[in-house]
S.K.: 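Have a look at this one.
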Amino acid sequence: MKEEYQKYLNFIPGVRFWVIMTGVIIFLAAIKEANAIVNMLLLALLLTAISLPPLDWMKKKGVNATIATLLVILFILILMGLTGLVIGSSANSFVEKLPYYQQQFDNVWTDLSDWLARFGFIEEGYNPLDDVSPEKILPIAGTFFAGFANAMAESLIVFIFFIFMLFEAETFAKKISYISKKNSEQTHMTFQRLRKYFGIKTATSLATGISITIALLILGVDFPVLWGFLAFVLNFIPSIGSFIAAIPAVLLAFVQLGPFGALITAVVYFVLNTIIGNVIEPQLMGRNLGISPLIVFVSMIFFGYILGPIGMLIATPLTIVIKIILDSQPITRGLGIMLGDGSDIKEGTIERDSI
């Protein structure tokens, strides 16, 4: 009887694995089905995480907790309103000028292609963008901005979620402390790391956006605020976010300023992102929160498939949160190391109890 029990017991780990996998698949399918609500909750959670560092700073300076919370909420409300107004206006103006930019691009490309063909770099008369025209671009852009009002309506719900989450943050820590002192200490350490990450990341992203805006303003590229805001948002995606943010500004510089202007713009993006993203940020952040570029790309594809475009934007912050939670527990620290970029491995060795 005991031998037969042991025989069935050997199959339990495999059965357990498939039960867990089935539960994960069902859970992800449910999230994908309810992605509209999940996106609003995650955006509110991201907004709350970004707001916690300045909230803690004001509390340390002696500001009353309620007053500090109300000040943060007021600041976020004003910031969201100004952002929607400025970015929405700039985006609409950009769409209106697309036909003009298309014509300018054709003129610049004609001169450049003639020069390249003269030296044998390309075939004469070749234009890789023959199929791109304002008639095809404008409907896409028009559809995108037609949903701008819906996005603003959803932002109101996100803001309401954000208010409740911000007031609940302090209470949540007390609840965990009441349930378990050990869990409270681990949760406190996890929240401290999350606050540090989002505080530094928001500051460096803001510095990147402002620097890009000023640089493009000096160079004379249209809509510098729009491209600076795009750089700020996409800077939350390490490795490839800054590259994606540079593409529209460089193309617009090519149209306005010619090939040399586009080259200067690309160099400006490269220098600013290198200084802020690869020099300043790692010194402030520490290397223990580094995420593997492969994991960044996979998480963007995965969360983009599950949650849509919003999922691609918040994929990296979500992965950072997962890594911090995994790192906080000895039993799951090995998984956290697998998500990292290898910088937390000292001299190629890891303590055995950390795996």
Side-chain angles (χ1 to χ4, degrees), residues 35-59 61 63-97 141-169 195 198-214 216-217 221-237 241 245 248-249 307-314 317:
N35 61 3
I37 299 176
V38 175
N39 282 337
M40 289 188 286
L41 286 172
L42 289 176
L43 285 174
L45 193 60
L46 179 62
L47 201 58
T48 304
I50 293 174
S51 302
L52 286 177
L55 181 62
D56 289 341
W57 179 81
M58 282 192 288
K59 288 180 181 178
K61 294 298 181 180
V63 180
N64 179 271
T66 303
I67 296 176
T69 303
L70 292 175
L71 286 175
V72 169
I73 292 174
L74 180 62
F75 175 77
I76 294 296
L77 178 62
I78 294 173
L79 186 63
M80 288 177 65
L82 289 177
T83 301
L85 182 64
V86 174
I87 301 305
S89 176
S90 298
N92 282 322
S93 299
F94 174 70
V95 171
E96 291 175 359
K97 295 187 71 173
T143 302
F144 175 79
F145 288 107
F148 187 75
N150 294 332
M152 292 301 293
E154 290 180 358
S155 69
L156 177 61
I157 302 176
V158 170
F159 185 73
I160 294 173
F161 280 141
F162 158 70
I163 293 175
F164 283 106
M165 288 181 179
L166 199 60
F167 277 107
E168 187 72 17
R195 289 172 182 176
F198 283 110
I200 294 174
K201 194 66 180 176
T202 302
T204 55
S205 297
L206 187 61
T208 301
I210 293 174
S211 302
I212 292 294
T213 300
I214 295 173
L216 295 181
L217 189 63
V221 180
D222 286 349
F223 309 109
V225 175
L226 184 63
W227 312 130
F229 176 76
L230 187 65
F232 164 75
V233 172
L234 294 183
N235 195 62
F236 281 91
I237 304 175
L307 300 174
I310 297 296
M312 297 185 71
L313 176 63
I314 62 180

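When reading the values below, keep in mind they use all heavy atoms of this one structure, side chains included, and skip hydrogens, waters and symmetry mates. In this chain, residues are counted from 1 in sequence order.
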S.K.: At what distance, to the nearest 0.5 angstrom, does CZ of F161 lie from CG of L156?
M.R.: 11.0 Å
S.K.: F167: what forms a side chain to side chain contact (heavy atoms under 4.5 Å, CB included) with it, not counting sequence neighbours?
M.R.: T69, L70, I73, I163
S.K.: Please say whether more than 12 non-hydrogen atoms of neighbouring residues, nucleotides or ligands are located less than 6.0 Å from CD1 in I37.
M.R.: no
S.K.: Can you name the ring pair (Phe, Tyr, Trp, His ring centres under 6.0 Å) partners of F232, sequence neighbours left out?
M.R.: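 Per chain and number, F232 pairs via ring pair (Phe, Tyr, Trp, His ring centres under 6.0 Å) with F236.
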S.K.: Among residues at least two apart in sequence or on other chains, which ones pass side-chain hydrogen bond (donor to acceptor under 3.5 Å, both in side chains) with D56?
M.R.: R195
S.K.: Using the side chain to side chain contact (heavy atoms under 4.5 Å, CB included) criterion, which residues pair with L71? Sequence neighbours excluded.
M.R.: M58, I67
S.K.: Roughly how far apart are I157 CD1 and L41 CG, rounded to 0.5 Å?
M.R.: 10.5 Å
S.K.: How would you list, by chain and number, every residue that makes a side-chain hydrogen bond (donor to acceptor under 3.5 Å, both in side chains) with D222, sequence neighbours excluded?
M.R.: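 Residues passing side-chain hydrogen bond (donor to acceptor under 3.5 Å, both in side chains) with D222: K97, Y101, Q256.
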S.K.: Shortest non-hydrogen contact from A231 to G209?
M.R.: CB-CA, 4.5 Å
S.K.: Which residues pass the side chain to side chain contact (heavy atoms under 4.5 Å, CB included) test with T213, sequence neighbours left out?
M.R.: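 T213: side chain to side chain contact (heavy atoms under 4.5 Å, CB included) contacts with P224, V225.
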S.K.: Show which side-chain atoms of residues 43-53 pair as donor or acceptor with protein atoms under 3.5 Å away, not counting sequence neighbours.
M.R.:
residue, atom, partner, partner atom, Å
T48, OG1, A44, O, 2.7
S51, OG, L47, O, 2.8

S.K.: Going by the rule ring pair (Phe, Tyr, Trp, His ring centres under 6.0 Å), which residues pair with F159 if we only count those two or more places apart in sequence or in a different chain?
M.R.: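 Ring pair (Phe, Tyr, Trp, His ring centres under 6.0 Å) list for F159, sorted by chain: F162.
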S.K.: Run the side-chain hydrogen bond (donor to acceptor under 3.5 Å, both in side chains) test against S205 and tell me which residues pass, sequence neighbours left out.
M.R.: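 Here the qualifying residues are N235.
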S.K.: Among residues at least two apart in sequence or on other chains, which ones pass side chain to side chain contact (heavy atoms under 4.5 Å, CB included) with P248?
M.R.: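 If we apply the side chain to side chain contact (heavy atoms under 4.5 Å, CB included) test to P248, skipping adjacent residues, the hits are W227, L230.
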